[in-house]
Amino acid sequence: MNHWLVKSEPHKYSWDKFNEDGSTFWDGVRNYQARNNLRAMEKGDLVLFYHSNEGKEVVGIAKVVKEFYQDPTTEDPNWVVVDLAPLEKLKRAVTLEEIKKDSRLENIGLVKQGRLSVMQLKAEEFDRIVELGNGD
DNA sequence: GCCAACGTTGGC
DNA sequence: GCCAACGTTGGC
């Protein structure tokens, strides 16, 4: 099982909207590295949901419910989507600032490669963020 | 709104 | 196949 983090701008697609929908196909990825990550996702993998620009925080956990398939919003076979469903909202959103300050998270893709919108996390990094959000 | 980082494109 | 120009992302 792998762990991932995906970014969404809240005004475009927020965690709340995601929960209203119940599940969604994760479209709009137009970057090969991010695309490769989508392709590597397997059903049941856990995915952190991060709000970029507004908030800049990890707000919840989703899971992969359907593995990659052709992006329905384009004819271009280069691009794929996966289906995600919300699993759990963090008790408290974990901000980028906290992540940057945490020594266990200093090598996380979110900080190292700020522009990548879909990235893999180590299990420890995933667990640490969840711990920060649900801690005590 | 600015700008740095960085991926992509296209001319050669 | 190199690399400069360009476009996009996302933090500030």
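Quick note on labels: first sequence line is chain A, next is B, and so on, each numbered from 1. A quick note: this is a predicted structure, and the numbers were derived from the prediction, not measured. All values below come from the heavy atoms of this structure, side chains included, with hydrogens, waters and symmetry mates left out.
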Give the rounded distance in Å between these two atoms: [atom1] of [X] and [atom2] of [N].
X         : N       : atom1 : atom2 : value
Leu116(A) : dA5(B)  : CG    : C1'   : 13 Å
Glu9(A)   : dG10(C) : CD    : P     : 6 Å
Lys7(A)   : dT8(C)  : NZ    : P     : 17 Å
Gln33(A)  : dT8(C)  : CD    : P     : 19 Å
Asn78(A)  : dG7(B)  : CG    : C1'   : 14 Å
Lys12(A)  : dT8(C)  : NZ    : P     : 13 Å
His51(A)  : dT9(C)  : NE2   : P     : 17 Å
Asp76(A)  : dT9(B)  : CG    : P     : 10 Å

Flag side-chain contact, heavy atom, 4.5 Å: Arg128(A) against Leu132(A):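 Answer yes - side chains close enough.
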Base dT8(C) to side chain Arg115(A), donor-acceptor N/O within 3.5 Å cut-off: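 Yes.
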Interatomic spacing from CD in Glu124(A) to CZ in Arg104(A) - rounded to 0.5 Å: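 Taking CD in Glu124(A) and CZ in Arg104(A), the distance rounds to 10.5 Å.
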Sugar-phosphate only, base, or nothing, as touched by Asn31(A) at under 4.0 Å among non-hydrogen atoms: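 Asn31(A): backbone/sugar contact only, no base atoms under 4.0 Å.
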Under 4.0 Å from OP1 or OP2 of [N]: is there any side-chain N or O of [X] that close?
X         : N       : value
Lys56(A)  : dG10(C) : no
Lys112(A) : dC6(B)  : no
Tyr50(A)  : dG11(C) : yes
Gln113(A) : dG10(C) : no

Intermediate values then yes/no, side-chain contact (heavy atoms from CB on, under 4.5 Å), Asp45(A) and Trp4(A): CA-CA 8 Å; Asp45(A) 283 356; Trp4(A) 309 93; 3.1 Å; yes
Step-by-step ring pair (Phe, Tyr, Trp, His ring centres under 6.0 Å) determination, Phe49(A) to His51(A): CA-CA 7 Å; Phe49(A) 192 108; His51(A) 277 168; 5.6 Å; yes
CA sep, side-chain torsions, deciding dist, call: Lys63(A), Asp83(A), salt bridge (Lys or Arg N to Asp or Glu O under 4.0 Å): CA-CA 9 Å; Lys63(A) 68 176 176 182; Asp83(A) 283 359; over 6 Å; no
